Number of protein chains: 2
Amino acid sequence: MDTTIICPRFEKAMSMLSQRWTGLVIYQLLTGPKRFCTLESSMGISGRVLSERLKDLETQGIVKREVYPETPVRIEYSLTDKGLALEPLMKEIEKWSQDWIEVEEKSESEQ
Amino acid sequence: MDTTIICPRFEKAMSMLSQRWTGLVIYQLLTGPKRFCTLESSMGISGRVLSERLKDLETQGIVKREVYPETPVRIEYSLTDKGLALEPLMKEIEKWSQDWIEVEEKSESEQ
DNA sequence: TATAATTACTTACATAAAGTAACTAACTAA
DNA sequence: TTAGTTAGTTACTTTATGTAAGTAATTATA
């Protein structure tokens with residue numbers, strides 16, 4: 001059979017990136033550290049899933065979480081080196097999307 | 001509020017790529033046209049979802065489907081130009097995964 | 001002639017993942 | 001005392017995916 005063996009590293013990276021929201025969270029963090037509520041409202045992700053994703057990304061060493069004991073408490077999420085290393089990849093998605101994706105705009109009547 | 005507006009093209013591309021299996025299907029097709037059963041068995045995706053993904057990718061103009069009326073019938077899936085344009089992105093995922101992903105190998109005892 | 005095999009799916013049903021909305025904890029401000 | 005803020009968590013619903021069997025068209029085999 002013509003079965004290609006897929007590199008397990010690639011497969012692991014891909015399964016990480018193909019979880020819903022993961023890519024967008026990283027993309028947002030490329031512009032600097034962000035708070036929970038900022039991420040939540042800027043991408044329309046639910047708090048439940050955002051919390052889950054940030055935990056996963058922290059476990060994988062892609063995101064770090066820092067607590068500033070102000071009032072009210074400020075918690076910032078930012079990218080580690082491993083996370084920052086995803087920038088070229090994100091740039092490629094930007095490029096491809098600009099070259100190939102069309103945005104169908106809604107006409108006023110169907111809004 | 002410090003809400004970044006995300007480019008709708010980028011968001012569309014990302015939501016496509018962050019569907020389970022989509023990336024791997026494209027990756028497999030970068031090595032040449034493939035049949036349904038080959039994709040199915042080489043990546044461990046279920047037939048139900050593979051069928052769904054191939055239809056979506058065809059609709060989006062990323063994959064094309066060609067029928068060869070042999071016996072038994074041969075149907076080949078391959079990338080369009082839009083799909084082939086994803087190669088640099090896939091290369092970046094490969095690079096990143098090689099630099100940053102560790103594969104934990106199972107010791108014989110815990111197999 | 002009947003049975004099995006092949007490919008490319010589809011269908012019905014079960015489980016897992018994600019969305020929704022309300023709730024908690026710790027604190028401050030009115 | 002009530003309300004507001006941030007960063008979550010919890011219980012419940014909806015959606016997505018997995019599983020396994022079924023279909024249709026054709027050929028090969030017993």
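Numbered from 1 within each chain, the chains take letters A, B, ... in sequence-line order. These numbers come from a predicted model, not from an experiment.
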J.: Strictly by Watson-Crick or wobble contacts shorter than 3.5 Å, is anything paired with C:dA30, and which nucleotide is it?
T.: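 When the pairing criteria are applied, D:dT1 turns out to be the nucleotide that pairs with C:dA30.
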J.: Can a side chain N or O of B:Arg65 be found less than 4.0 Å away from OP1 or OP2 on C:dA8?
T.: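 B:Arg65 to C:dA8 OP1/OP2: no side-chain N or O under 4.0 Å.
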J.: Both A:Val73 and A:Glu52 contact DNA chain D. Which one's nearest nucleotide lies toward the 5' end?
T.: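 By nearest-heavy-atom nucleotide position, the 5'-most residue is A:Val73.
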J.: What is the distance from CD of A:Glu76 to P of D:dA7, rounded to the nearest Å?
T.: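 The distance from CD of A:Glu76 to P of D:dA7 comes to 9 Å, rounded to the nearest Å.
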J.: When you check the phosphate oxygens OP1 and OP2 of D:dG8, does a side-chain N or O of A:Ser51 lie under 4.0 Å from one of them?
T.: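 False: A:Ser51 side-chain N/O out of range (4.0 Å or more) of D:dG8 OP1/OP2.
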J.: Got a donor-acceptor contact below 3.5 angstrom from the A:Thr59 side chain to the A:Lys55 backbone?
T.: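 Yes; at least one donor-acceptor contact below 3.5 Å.
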J.: Under 4.0 Å from OP1 or OP2 of D:dA7: is there any side-chain N or O of A:Lys55 that close?
T.: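 It does not, given that no N or O in the side chain of A:Lys55 lies less than 4.0 Å from OP1 or OP2 of D:dA7.
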J.: Would you say a side-chain N or O of B:Tyr68 is under 4.0 Å from OP1 or OP2 of C:dA8?
T.: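 Checking B:Tyr68 against C:dA8: no side-chain N or O falls below 4.0 Å of OP1 or OP2.
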J.: Can you tell me how far C1' of C:dA17 sits from CD1 of A:Ile45, to the nearest Å?
T.: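 Roughly 12 Å, once rounded to whole Å.
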J.: Could you give the CD-to-P distance, from A:Glu40 to C:dG19, as a whole number of Å?
T.: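 Checked: the CD to P distance equals 12 Å.
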J.: Can you tell me if A:Trp21 touches the phosphate of C:dG19, counting only side-chain N or O atoms and a distance under 4.0 Å to OP1 or OP2?
T.: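 It does, given that an N or O in the side chain of A:Trp21 lies less than 4.0 Å from OP1 or OP2 of C:dG19.
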J.: Would you find a donor on one side and an acceptor on the other, under 3.5 Å apart, between the side chain of B:Trp96 and the backbone of A:Lys82?
T.: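 It does hold such a pair.
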J.: Which is true for A:Ser46 with a 4.0 Å heavy-atom rule: it touches a base, it touches only sugar-phosphate, or it touches nothing?
T.: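 Base: the residue A:Ser46, judged by heavy atoms under 4.0 Å, touches a nucleobase.
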J.: Kindly say whether A:Met14 contributes a backbone atom to a donor-acceptor pair with the side chain of A:Ser18 at under 3.5 angstrom?
T.: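 Yes; at least one donor-acceptor contact below 3.5 Å.
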J.: Figure out the CD/C1' separation between A:Glu70 and D:dG4, and round it to whole Å.
T.: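 Computing the A:Glu70:CD to D:dG4:C1' distance gives 17 Å.
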J.: Does a side-chain N or O from A:Arg20 land closer than 4.0 Å to OP1 or OP2 of D:dA16, or not?
T.: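 Negative; the distance criterion is not met.
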J.: Report yes if a donor N or O on one partner sits less than 3.5 Å from an acceptor N or O on the other, where the partners are the side chain of A:Arg48 and the base of C:dA18; otherwise report no.
T.: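 Check passes, donor-acceptor contact within cut-off.
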J.: Using whole Å, report how far CG of B:Leu39 lies from P of C:dC9.
T.: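 Whole-Å distance recorded here is 11 Å.
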J.: Would you tell me if any nitrogen or oxygen in the side chain of A:Arg35 comes within less than 4.0 Å of OP1 or OP2 on D:dA7?
T.: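 Answer yes for this pair, as a side-chain N or O of A:Arg35 is under 4.0 Å from OP1 or OP2.
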J.: Taking A:Arg9 first and then A:Glu11, would you say they form a salt bridge - that is, a charged N and a carboxylate O separated by under 4.0 Å?
T.: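 Judged by the 4.0 Å cut-off on N to carboxylate O distance, A:Arg9 and A:Glu11 do not form a salt bridge.
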J.: Let me know the distance between CZ of A:Phe36 and P of C:dT24, rounded to the nearest Å.
T.: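 About 18 Å, once rounded to whole Å.
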J.: Look at the rings of B:Tyr27 and A:Phe10 and say which category their plane angle falls in: under 30° parallel, 30 to 60° tilted, over 60° perpendicular.
T.: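 Judged by the thresholds at 30° and 60°, the geometry between B:Tyr27 and A:Phe10 is parallel.
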J.: Checking the side chain of B:Lys34 only, and the main-chain atoms of B:Val25 only, is there a donor and an acceptor separated by less than 3.5 Å?
T.: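 Side chain of B:Lys34 to backbone of B:Val25: no pair is present.
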J.: CZ of A:Arg74 versus C1' of D:dA7: gap in Å, rounded?
T.: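 After rounding, the reported distance stands at 14 Å.
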J.: Using the side-chain heavy atoms of A:Thr71, tell me which of these nucleotides is nearest: C:dT28, D:dA7, D:dT17.
T.: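 For the A:Thr71 side chain, the nearest candidate turns out to be C:dT28.
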J.: Is there a side-chain polar atom (N or O) of A:Lys34 under 4.0 Å from OP1 or OP2 of D:dT6?
T.: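 A:Lys34 to D:dT6 OP1/OP2: no side-chain N or O under 4.0 Å.
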J.: Send over the distance from A:Ile75 CD1 to D:dT9 C1', rounded to a whole Å.
T.: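 Whole-Å distance recorded here is 14 Å.
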